[in-house]
Amino acid sequence: MHVGILTGGGDCPGLNAVIRALTLALTEAGDVRVSGIRQGFLGLLEDRVQPLDAARLRGLINEGGTVLGSHNRADPFAYFGAGGADCSARALDCLQRHGIEVLVAVGGDGTMTIAERFARLGVPVVGVPKTIDNDLMHNERSFGFDSAVAVVADALGRLGTTARSHGRVMVLETMGRHAGWIALEGGLAGGADAIVLPELGYDGQALAALCERRSREQGYALVCVAEGVKLAAAGESAGAGETVGQRLMQDLAPRLGPEAELRYTLLGHLQRGGAPTAFDRVLATRFGVQAAQLVLQRRHGQMVALQGDRCVAVSLADVAGASRLVPLDHELMQAARCLGVLANP
Ligand code: F6P
């Protein structure tokens, strides 16, 4: 059997561990050849396919990024390189030319949506969920998320010491395009005094009151805000070139008065870089092995997922096109509420 693997969308720690685990599990199982498709679906459009050598992948468990490269705009059904035209036939040709019988697509919502469209065209596809945002449907935890949360927790710890020295309000903006998982878990792990989530909207007055209270009690305050938060509730919306954290600062500063000192940090892609945590290495390995099982059992049109503590398979059709937000009654949300760190309970 000849299996092709690609990594699509934004990268994250743990992708190499998946490539490694899938390739080792397939080649250990018997007569299977694995090829890497470079830069996500762009590799199928531009014919960038190369054999993967299992022996050379063995040392990759702790390496961040993806040795295959990635691309987050190469949709074969609306290819930017052809003015947005449907070039899926070109991608199918490429699979056929290389004799690739099963395609394993590792990626987030965009990648799974494309994978599902190929599955509908009859391509045997298996999906592996990847996103630091942790927002893929029917999957309770994506690898990369734990690594991102560790970066946020570390950053809050560092901001806390300097905030205390200067008696400041520090605002930290995390990634999380639609969902607040990173800000919520990172904020809890880093001891944030206020966590602002897209799921709850923005209440400037409540946030200012919370910052004032914590500043009175402990002399400083740490705010952790997810990039997906809309400031529209406060009559504000992020303008071009402005980040959510900057707009939040502009809203918060006059509310706290001229005496208050505020500073802002944008963590950005630091959350996606570097080595995966041990948890993410193990989860990525489990996903790679589970994907290999699905390939060997010819269970196509499925994505591997973690539910409870079990690796399961869910239909790609059920995953495509939606985001998994933090449920308002989620235990972590309740915990944050009990700790008094949600500015709008
Ligand atoms: O979806 C993952 C993610 O890291 C988001 O949190 C963030 O909004 C986005 O990707 C950033 O994408 P890019 O790398 O294209 O700037």
Side-chain angles (χ1 to χ4, degrees), residues 6-16 18 39-42 64-66 68-75 78 80-81 105-115 127-153 155 172-187 189-190 195-199 224-231 237-248 264-277 280 283-284 287 303 305 319-326:
L6 62 80
T7 52
D11 73 341
C12 80
L15 283 169
N16 284 327
V18 172
Q39 291 170 294
F41 288 102
L42 191 64
T66 160
L68 293 178
S70 195
H71 205 289
N72 56 11
R73 288 185 304 119
D75 179 354
F80 69 89
V106 189
D109 173 37
T111 303
M112 292 309 134
T113 303
I114 296 167
V128 178
K130 166 259 32 157
T131 163
I132 64 161
D133 291 2
N134 201 36
D135 63 352
L136 268 164
M137 293 301 285
H138 306 295
N139 176 47
E140 287 170 18
R141 195 146 281 231
S142 310
F143 62 88
F145 172 65
D146 187 64
S147 305
V149 165
V151 173
V152 173
L172 178 73
E173 179 181 326
T174 74
M175 279 189 167
R177 201 187 324 227
H178 305 295
W181 293 104
I182 299 177
L184 179 56
E185 271 205 31
I195 300 176
V196 188
L197 304 172
E199 288 82 355
C224 184
V225 57
E227 69 170 325
V229 168
K230 304 272 180 291
L231 299 196
S237 62
E242 280 176 333
T243 69
V244 167
Q246 283 166 332
R247 298 298 293 128
L248 185 144
Y264 159 66
T265 302
L266 174 67
L267 261 184
H269 291 79
L270 288 173
Q271 293 157 98
R272 290 221 317 242
T277 59
D280 278 340
L283 182 58
F287 278 178
M303 182 189 84
V319 173
S323 292
R324 190 179 70 98
L325 303 181
V326 184

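We're numbering straight along the sequence, starting at 1. Every number for a ligand or one of its atoms is a count from 1 in the order of the listing.
Among residues two or more places apart in sequence or in another chain, the side-chain contact (heavy atoms from CB on, under 4.5 Å) test is passed with Glu227 by Glu173, Met175, Arg177. In terms of the side-chain contact (heavy atoms from CB on, under 4.5 Å) criterion, residue partners of Ala155 (sequence neighbours excluded) are, by chain and number, Leu172, Leu267. For Ser70, the side-chain contact (heavy atoms from CB on, under 4.5 Å) criterion is met by Thr7, Thr66, not counting sequence neighbours.
No side-chain heavy atom of Asp109 sits under 4.5 Å from any side-chain heavy atom of Thr131.
The line from CZ of Phe287 to OG of Ser142 is 6.5 Å long, rounded to the nearest 0.5 Å. Rounding to the nearest 0.5 Å places CE of Met112 at 14.0 Å from CE of Met137.
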Which pairs of nitrogen or oxygen atoms, taken one from ligand 1 and one from the protein, are under 3.5 angstrom apart?
from	atom 1	to	atom 2	distance (Å)
ligand 1	1 (O)	Asp133	OD2	3.2
ligand 1	1 (O)	Arg177	NH2	3.1
ligand 1	4 (O)	Arg272	NH1	2.9
ligand 1	6 (O)	Asp133	OD1	2.7
ligand 1	6 (O)	Asp133	OD2	3.2
ligand 1	6 (O)	Gly176	N	3.3
ligand 1	6 (O)	Glu227	OE2	3.1
ligand 1	8 (O)	Glu227	OE1	3.3
ligand 1	8 (O)	Glu227	OE2	2.5
ligand 1	10 (O)	Arg177	NH2	3.4
ligand 1	10 (O)	Arg272	NH1	3.1
ligand 1	14 (O)	His269	NE2	2.9
ligand 1	14 (O)	Arg272	NH1	3.0
ligand 1	14 (O)	Arg272	NH2	3.0
ligand 1	15 (O)	Asn72	ND2	2.9
ligand 1	16 (O)	His269	NE2	3.2

